[in-house]
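One structure is given here, and the rest of the page talks about it.
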Amino acid sequence: HLLIIASELTVGRRWSDVAIPRLVEGSSKFEDAWPIAWSVFHIVALAAALSFVGSAELSYRQVFAVGAFFGYSINAFSAAAAHELLHRDHPLHRAIGRLLFAIMLYPHFPRVHLSAHHHWAGTDMDCQSPKPRQTIHAYLVQALLGGFLAASTPQARALDRGLPVRALLCLLVVAAPLMFAPALSAFLIVQGFFAFLVIETINYVQHCPLPDDDHSGGAAGSTHQDSNFVSRALLLNLPLHASHHDRPGLRYADLASSP
């Protein structure tokens with residue numbers, strides 16, 4: 001993470017106007033496949049982490065540390081990949097995105113994101129947009145409680161009818177090891193907790209009102225752009241967030257900065 005921060009402050013800023021080159025000129029097959037490939041990697045990494053936690057006889061403090069590291073690192077990139085897949089037309093791609101969020105113990109994020117956030121982003125009606133001068137701590141509570149309310153609306157239920165199954169899957173996955181390996185349950189809960197913190201902190205930064213924003217209408221502001229080359233490369237152009245909201249169906253490889 002220190003290397004990433006250092007590269008963002010140097011190379012990333014210097015190359016802010018440089019487009020991310022495609023692996024194969026004139027084709028986006030690799031870029032289109034990358035989020036799916038990362039999803040497979042996430043499952044493999046999760047299996048490896050569970051195997052390590054289950055066999056290493058760790059203390060609960062050590063389990064917390066492993067879960068926090070996994071949630072803060074692997075899940076950050078998995079959230080970007082899952083977000084990309086949610087906005088694709090292919091049902092299998094959307095299903096993989098929803099599955100990834102369920103594995104990160106945030107099964108209702110897809111329902112809230114698609115049914116509420118992309119309709120009300122930047123307004124007080126969106127629980128995933130911070131209000132003017134709202135602290136990150138208050139926003140996290142808003143996102144947590146507001147997410148459950150937003151996911152329960154008739155419009156949200158009609159858009160995503162698979163949420164009850166994914167929520168039950170999360171419950172079973174966390175509860176099943178309690179009898180024979182409680183450390184595994186602890187790890188899953190911790191990595192899910194940190195996944196929520198990472199995902200909603202990114203939301204906070206991307207939608208936090210700027211000091212000179214005009215909020216006379218009571219709205220919380222809109223979305224921001226970050227053209228940092230390293231951030232765009234690591235998060236699949238997610239920092240170009242205003243452009244994404246303008247054209248949510250556009251794949252990340254085709255997303256370009258807009259004013």
Side-chain angles (χ1 to χ4, degrees), residues 1 3-5 7-8 12 19-24 27-53 66-114 117 160 162 166 169-170 173 187-188 190-203 205-206 226 228-241 243-244 248-256:
H1 284 287
L3 288 174
I4 291 174
I5 293 172
S7 62
E8 286 178 329
I20 299 174
R22 302 195 182 195
L23 186 66
V24 179
S27 173
S28 62
K29 289 184 178 179
F30 173 80
E31 287 76 15
D32 291 344
W34 175 243
I36 300 174
W38 180 269
S39 303
V40 175
F41 170 78
H42 179 100
I43 294 174
V44 172
L46 180 62
L50 289 171
S51 176
F52 172 70
V53 170
V66 175
F69 176 78
F70 192 95
Y72 185 62
S73 57
I74 301 295
N75 285 353
F77 304 113
S78 297
H83 172 265
E84 165 71 14
L85 294 173
L86 283 182
H87 286 281
R88 292 192 175 178
D89 295 329
H90 200 290
L92 178 60
H93 293 180
R94 295 198 301 268
I96 294 174
R98 291 186 176 106
L99 177 62
L100 263 186
F101 279 113
I103 292 174
M104 292 185 282
L105 300 189
Y106 204 167
H108 58 292
F109 177 89
R111 181 183 279 191
V112 177
H113 185 76
L114 297 176
H117 179 65
D160 180 9
R166 299 197 306 274
L169 174 65
C170 291
V173 168
F187 165 81
L188 290 169
V190 171
Q191 66 89 28
F193 172 73
F194 275 88
F196 171 80
L197 291 182
V198 168
I199 292 169
E200 291 305 337
T201 298
I202 292 174
N203 259 339
V205 171
Q206 289 176 334
D226 180 8
N228 189 289
F229 181 85
V230 174
S231 301
R232 287 186 283 125
L234 291 177
L235 295 177
L236 308 185
N237 270 338
L238 190 59
L240 300 180
H241 211 60
S243 298
H244 165 66
L250 200 63
R251 299 196 175 191
Y252 81 94
D254 300 318
L255 201 62

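Along the sequence shown, the residues carry numbers beginning at 1.
Between the side chain of Q191 and the backbone N or O of L188 there is at least one donor-acceptor pair closer than 3.5 Å. R98 places no side-chain N or O within donor-acceptor distance of the main-chain N or O of P107, the cut-off being under 3.5 Å. Between the side chain of S7 and the backbone N or O of I4, at least one donor-acceptor pair lies under 3.5 Å. Under the 3.5 Å distance criterion, the side-chain polar atoms of Y252 are left unmatched by any main-chain donor or acceptor of A81.
Every pair passing side-chain hydrogen bond (donor to acceptor under 3.5 Å, both in side chains) that includes a residue from residues 37-52 is listed here, sequence neighbours excluded: W38-S78, H42-S78.
You'll find the side chain of V66 reaches within 4.5 Å of the side chain of F187, heavy atoms only. When side chains are defined from C-beta on, F109 counts as touching E200, because their heavy atoms get closer than 4.5 Å. At least one side-chain heavy atom of D160 sits under 4.5 Å from a side-chain heavy atom of R166. Taking the side chain as every heavy atom from C-beta outward, F41 and I74 approach each other to under 4.5 Å.
Ring-plane geometry between H241 and H244 is classed as tilted, the angle between the planes lying from 30 to 60 degrees on a 0 to 90 degree scale.
More than 12 heavy atoms of other residues, nucleotides or ligands sit less than 6.0 Å from atom CG of L92.
Across every non-hydrogen atom of L235 and A76, the tightest pair is CD2-O, 4.2 Å. Nearest heavy atom pair, residue L86 against residue P110, reads CD2-CB, 3.7 Å.
Under the salt bridge (charged side-chain N to carboxylate O under 4.0 Å, His left out) criterion, E84 pairs with R88, sequence neighbours left out. Residues satisfying the salt bridge (charged side-chain N to carboxylate O under 4.0 Å, His left out) criterion with R111, sequence neighbours excluded, are absent altogether.
Ion pairing between a basic and an acidic side chain is recognised when a charged N comes within 4.0 Å of a carboxylate O; R22 and D254 show such pairing.
Taking the six-membered ring for Trp and the full ring otherwise, the centers of F194 and Y72 sit at least 6.0 Å from each other.
With R232 as the partner, the side-chain contact (heavy atoms from CB on, under 4.5 Å) test is satisfied by one option alone out of L240, D226, L238: L240.
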